[in-house]
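Working notes, structure below.
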Amino acid sequence: MTYRFTVKSDENDQFLREIRIDSAATFIQLNDAILDSVKFTHDEITSFFTVTDRDEDREMWAQWNKEQEITVMDMGLSSDRDSYIMDKTYLDEFIHEEHQRLLFVFDQMTERAFYVELEEIIIGEDVDKPVCTRKRGDAPKQQVDFDTMTANITTDSSIFDDDNLYGSDGYNEDELSEGYEIPMQEE
């Protein structure tokens, strides 16, 4: 049985990869297929997360809530949750039906991720090794340094001027203290 996954990014709407992989493959095989399809190195710590979402929020990736983590290596962290390692965990242990989703975090420092969805389960088709069957758009950079990331966050300082602070009607300083008694401290 073959799983056909699509891989998308919130950094580039045109980006898409399609991966076909055997349902009995390990998560490390899917990890490697995704990294190879975008020409990323394999020297970074990556993780898959199973996720929950609501059908009405299918494209709202921010609504995907992380559940179980499957890591590329044992992080040695004690936890009340089970720990899963990619090379010892099979896809069919977690993936059972079409449209199930995974979050693939490829940049742990900035929590940048790919959004992975099982588009189709193909019964009667077997693949010897994972293969990227469709490529569209450019992949985001594998790593973004902190300075570049913060440079992309802009603040419109005009929202902080007096005319806009409390809406378009402005504000009156007397309104701030109406109904409130400011106690005087004795010296």
Side-chain angles (χ1 to χ4, degrees), residues 2-53 58-77 81 83-95 98-122 125-153:
T2 299
Y3 286 165
R4 182 175 63 86
F5 288 101
T6 55
V7 180
K8 296 179 180 179
S9 170
D10 62 355
E11 296 179 41
N12 179 353
D13 292 339
Q14 302 305 310
F15 171 81
L16 177 113
R17 296 295 185 268
E18 182 179 273
I19 307 287
R20 288 184 185 228
I21 189 170
D22 191 88
S23 62
T26 61
F27 274 89
I28 195 70
Q29 290 172 294
L30 181 58
N31 174 81
D32 293 348
I34 293 171
L35 293 177
D36 290 345
S37 77
V38 293
K39 298 183 173 131
F40 284 2
T41 63
H42 293 246
D43 58 353
E44 297 296 322
I45 296 173
T46 57
S47 292
F48 284 99
F49 289 89
T50 60
V51 296
T52 58
D53 67 331
R58 295 201 63 183
E59 295 301 320
M60 300 289 293
W61 294 324
Q63 301 296 325
W64 292 18
N65 298 314
K66 293 178 184 176
E67 289 185 328
Q68 183 61 55
E69 182 176 17
I70 303 131
T71 61
V72 74
M73 66 176 55
D74 186 358
M75 303 302 279
L77 302 174
R81 297 184 115 185
S83 178
Y84 294 94
I85 311 302
M86 287 185 202
D87 65 349
K88 296 178 182 168
T89 308
Y90 296 90
L91 295 174
D92 57 10
E93 289 180 55
F94 285 94
I95 309 296
E98 291 178 352
H99 304 294
Q100 274 188 268
R101 295 184 171 152
L102 299 167
L103 189 65
F104 178 62
V105 177
F106 61 86
D107 186 348
Q108 296 287 339
M109 294 298 291
T110 59
E111 285 281 317
R112 294 169 58 238
F114 289 128
Y115 303 91
V116 181
E117 182 171 355
L118 177 60
E119 293 291 336
E120 182 180 17
I121 298 173
I122 306 166
E125 177 182 291
D126 295 318
V127 291
D128 294 332
K129 62 181 185 171
V131 61
C132 180
T133 56
R134 185 172 171 206
K135 292 182 179 183
R136 183 183 77 207
D138 295 327
K141 291 182 179 185
Q142 186 170 9
Q143 293 180 331
V144 177
D145 65 33
F146 186 74
D147 292 336
T148 302
M149 193 173 100
T150 56
N152 291 332
I153 299 171

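Predicted model, so just to flag it, every value in this text is computed and none were measured.
With sequence neighbours excluded, the residues satisfying ring-ring contact (aromatic ring centres under 6.0 Å, His included) with Y3 are F5. Residues meeting the side-chain hydrogen bond (donor to acceptor under 3.5 Å, both in side chains) test with D36, sequence neighbours left out: H42.
Distance CG/D107 to CD1/I45: 11.0 Å, rounded to 0.5 Å. Here CD of E125 is found 11.0 Å from OG of S23. Values are rounded to the nearest 0.5 Å. Taken to the nearest 0.5 Å, the CD atom of Q29 stands 10.0 Å off from the CG atom of D87. Note that CG of L118 and CD1 of I95 are 6.5 Å apart. Values are rounded to the nearest 0.5 Å. Rounding to the nearest 0.5 Å gives a distance of 12.5 Å between CZ of F106 and OG of S47. For the atom pair CG (L35) and CZ (F114), the distance works out to 8.0 Å, reported to the nearest 0.5 Å.
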Assess whether side-chain contact (heavy atoms from CB on, under 4.5 Å) is satisfied between V7 and L16, documenting all intermediate values. CA-CA 6 Å; V7 180; L16 177 113; over 6 Å; no

Please evaluate residues T71 and I85 with respect to the criterion side-chain contact (heavy atoms from CB on, under 4.5 Å), reporting the C-alpha separation (whole Å), side-chain torsions for both, the decisive distance (0.1 Å), and the verdict. CA-CA 5 Å; T71 61; I85 311 302; 3.6 Å; yes

Carefully, step by step, assess E98 and E119 under the rule side-chain contact (heavy atoms from CB on, under 4.5 Å). CA-CA 6 Å; E98 291 178 352; E119 293 291 336; over 6 Å; no

Run the side-chain contact (heavy atoms from CB on, under 4.5 Å) check on E44 and Q108 step by step: do they pass? CA-CA 8 Å; E44 297 296 322; Q108 296 287 339; over 6 Å; no

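Taking the ring axis of Y115 as reference, the NZ or CZ atom of K8 does not stay both within 45° of it and closer than 6.0 Å to the ring centre.
Closest heavy-atom contact between V127 and T2: N-OG1, 3.9 Å. In plain terms, the two heavy atoms of D22 and A24 that are nearest each other are OD2-N, 2.8 Å. The two residues H99 and E117 make their nearest non-hydrogen contact at ND1-OE2, 2.9 Å. Across all non-hydrogen atoms, the minimal contact from I122 to R20 is CD1-NH1, 3.2 Å. Considering every non-hydrogen atom in both Q68 and F94, the closest pair reads CG-CE2, 3.7 Å.
Between F27 and V72 the shortest side-chain heavy-atom distance does not fall below 4.5 Å. A 4.5 Å side-chain heavy-atom check between I19 and L30 finds at least one atom pair inside the cut-off.
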Output a table of donor-acceptor pairs, distance under 3.5 Å, between side-chain atoms of residues 130-142 and any protein atom two or more places apart or on a different chain; print 'none' if there are none.
unit_1, atom_1, unit_2, atom_2, d
T133, OG1, E18, OE2, 2.5
R136, NE, Q14, O, 2.9
Q142, OE1, T41, N, 3.0
Q142, OE1, T41, OG1, 3.2
Q142, NE2, T41, O, 3.1
Q142, NE2, T41, OG1, 3.4

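Taking 4.0 Å as the cut-off between side-chain N and carboxylate O, K66 and E111 count as a salt-bridged pair.
A side chain to side chain contact (heavy atoms under 4.5 Å, CB included) with I70 is found for one member of T26, T89, L91 and no other, namely T89.
Residues Y84 and F48 keep their aromatic ring centres 6.0 Å or farther apart.
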